[in-house]
Amino acid sequence: MPLPLIPLIVAGAAAASTAVAGKKGYDSYKNMKETKELAEQLERKYKKAHTAFEKSKDNTNATFEEYGKLKLEILDGVMKEFIQEFKKIKNINFTDQTVIDSLVTTQEVEQFVLNVEKQVVKAGQVMAAGLASLAGGGLAAMGAVGATTTFAAASTGTAIATLSGIAAQNATLAFLGGGSLAAGGLGVAGGTMVLGGIALAPALAIGSFIFAASTEKKLEDMYAKKAEVKTEVEKLHAASEVMDSIRIATESMQELAESTERLFKENIDKMAAIISRQGVDFKRYSNEEQKTIHNNYKLAVIMRDILNTTILNEDGNLAPNLQDVITAERQKLSAF
């Protein structure tokens with residue numbers, strides 16, 4: 001007896017339905033797995049670039065702080081010693097052509113000493129208050145901007161506040177002192193940091209794209225996200241290069257200041273020995289002794305110029321002529 005057709009049709013339909021459901025289930029599982037793997041891959045790639053950038057950022061901030069501390073120590077050290085010894089000497093006259101290679105009037109010398117002395121006093125007061133008084137980016141600001149700018153204030157408290165203000169208003173310094181990029185950074189509007197013309201978004205929450213169940217649409221979204229992550233990674237690499245260039249330039253300035261400090265100290269000791277041996281009347285010194293005094297003055301000018309050199313401009317970018325300044329000052333030092 002022939003089997004009824006209806007049950008066979010129903011059974012066939014059920015089998016087909018089961019196969020389709022199984023295929024959809026497999027595709028869904030495959031999409032979910034691929035989406036998760038891609039998300040994890042993108043997250044690893046981004047985190048690696050982000051970690052490298054944070055390291056560059058921290059190193060740059062530390063270098064600024066080290067240089068800021070050195071500048072204060074130089075002002076409170078060799079520059080202070082220079083002022084103390086140089087002011088003892090009477091009848092200083094650098095207009096004698098047998099002594100100098102360029103004319104400097106007595107009035108210029110006196111004004112120079114007065115200006116430097118003001119910076120020396122301010123630096124001494126800040127050092128006495130303790131470096132902790134420069135918390136909040138003040139020490140990094142001391143390293144990043146010129147001493148003339150930082151000590152233009154009338155009082156020590158105002159000078160410290162000025163440094164903190166510079167640290168908050170300068171985009172790069174604000175970011176350096178304001179925590180991680182993930183947190184948006186200090187003084188950074190809308191969670192976006194612009195560094196050297198590069199707009200950096202906060203750390204990407206790639207994990208939010210991973211769901212318990214995934215679909216083909218979510219996989220498409222993740223592939224679209226791949227391009228976005230690639231762009232952010234490239235920007236982080238570029239920003240790291242900006243940070244590294246700032247750090248390297250600051251290290252060059254620091255090395256220049258340190259080498260000048262050593263040479264300056266040697267000459268100050270020679271000046272002190274002349275004063276101890278010959279007294280304080282410049283007119284009574286030999287030509288060689290007068291040249292030593294003038295060398296001290298020239299080294300003080302070089303040191304002043306180094307300490308007053310700004311590394312970051314108001315926009316938070318490297319000063320465009322910085323390398324020219326470093327080369328020029330090194331050339332001057334080579335004459336000693």
Side-chain angles (χ1 to χ4, degrees), residues 61-89 108-170 172-174 176-178 186-187 250 253-265 267-269 271-272 275 296-297 299-314 319 329:
N61 190 59
T63 301
F64 270 140
E65 290 183 341
E66 288 172 10
Y67 186 43
K69 181 173 179 287
L70 175 64
K71 287 166 76 171
L72 287 170
E73 290 172 343
I74 287 174
L75 283 167
D76 196 40
V78 291
M79 290 296 263
K80 181 178 179 180
E81 292 176 33
F82 164 77
I83 294 296
Q84 290 173 339
E85 295 298 326
F86 193 81
K87 286 182 67 176
K88 293 177 183 178
I89 304 173
E108 288 175 325
V109 173
E110 290 175 350
Q111 188 61 50
F112 170 79
V113 170
L114 180 62
N115 291 338
V116 171
E117 190 170 19
K118 289 179 180 179
Q119 291 187 359
V120 165
V121 171
K122 293 282 181 60
Q125 292 171 342
V126 171
M127 292 293 281
L131 294 179
S133 66
L134 294 177
L139 194 57
M142 182 69 201
V145 300
T148 299
T149 301
T150 57
F151 291 133
S155 67
T156 305
T158 308
I160 292 173
T162 298
L163 283 167
S164 298
I166 292 171
Q169 293 170 15
N170 186 291
T172 300
L173 288 175
L176 288 175
L186 177 64
T250 305
M253 285 298 300
Q254 185 171 347
E255 291 169 4
L256 179 62
E258 288 172 338
S259 61
T260 305
E261 180 186 26
R262 289 191 294 270
L263 182 60
F264 197 14
K265 176 60 178 172
N267 279 268
I268 291 172
D269 290 343
M271 178 170 61
I275 293 171
N296 271 272
Y297 172 79
L299 283 168
V301 172
I302 292 172
M303 182 61 86
R304 184 274 315 269
D305 291 344
I306 291 172
L307 298 180
N308 286 352
T309 298
T310 292
I311 296 175
L312 292 182
N313 60 24
E314 293 180 356
E329 299 303 329

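All residue numbers in this chain count up from 1 along the given sequence. FYI, side chains are in, hydrogens and waters are out, and symmetry mates aren't considered; it's all heavy atoms of this structure. Values in this document were obtained by computation on a predicted structure and should not be read as measured data.
Across every non-hydrogen atom of T309 and M253, the tightest pair is CB-CE, 3.8 Å. Of all non-hydrogen atoms in M142 and G68, the two that sit nearest each other are CG-O, 3.5 Å. The minimum heavy-atom distance linking Y67 with A257 is given by the pair CE1-CB, 4.0 Å. When every heavy atom of A147 is checked against every heavy atom of N308, the shortest pair comes out as CB-OD1, 3.4 Å.
Aromatic ring orientation, F264 versus F82: tilted (interplanar angle from 30° to 60°).
M127 CE to L75 CG: the interatomic distance, rounded to the nearest 0.5 Å, is 9.5 Å. Note that NZ of K265 is 13.0 Å distant from CG of L263, once rounded to the nearest 0.5 Å. If you take CD on Q254 and CD on E258, they are separated by 5.0 Å, rounding to the nearest 0.5 Å. Between the CE atom of M271 and the OH atom of Y297 there is a distance of 13.0 Å, given to the nearest 0.5 Å. Rounding to the nearest 0.5 Å gives a distance of 7.0 Å between CD of E81 and CG of D269.
Looking at Q111 and N115, their side chains do bring a donor and an acceptor atom within 3.5 Å of each other.
Only one option out of D76, L72, V78 pairs with I74 in a side-chain contact (heavy atoms from CB on, under 4.5 Å); it is V78.
Between K88 and E85, at least one side-chain N (NZ, or NE/NH1/NH2) sits under 4.0 Å from a carboxylate O, which counts as a salt bridge.
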Would you please test V145 and L312 for side chain to side chain contact (heavy atoms under 4.5 Å, CB included) and show each step?
-> CA-CA 6 Å; V145 300; L312 292 182; 5.6 Å; no
Side chain to side chain contact (heavy atoms under 4.5 Å, CB included) between M79 and Q119, intermediate numbers included = CA-CA 9 Å; M79 290 296 263; Q119 291 187 359; 5.9 Å; no
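Panel note: side chain N296, backbone I268; a donor-acceptor pair is recorded below 3.5 Å.
Side-chain contact between R304 and V301: present, with at least one pair of heavy atoms (C-beta onward) separated by less than 4.5 Å. When side chains are defined from C-beta on, E261 counts as touching L70, because their heavy atoms get closer than 4.5 Å. Taking the side chain as every heavy atom from C-beta outward, E329 and T260 never approach each other to under 4.5 Å.
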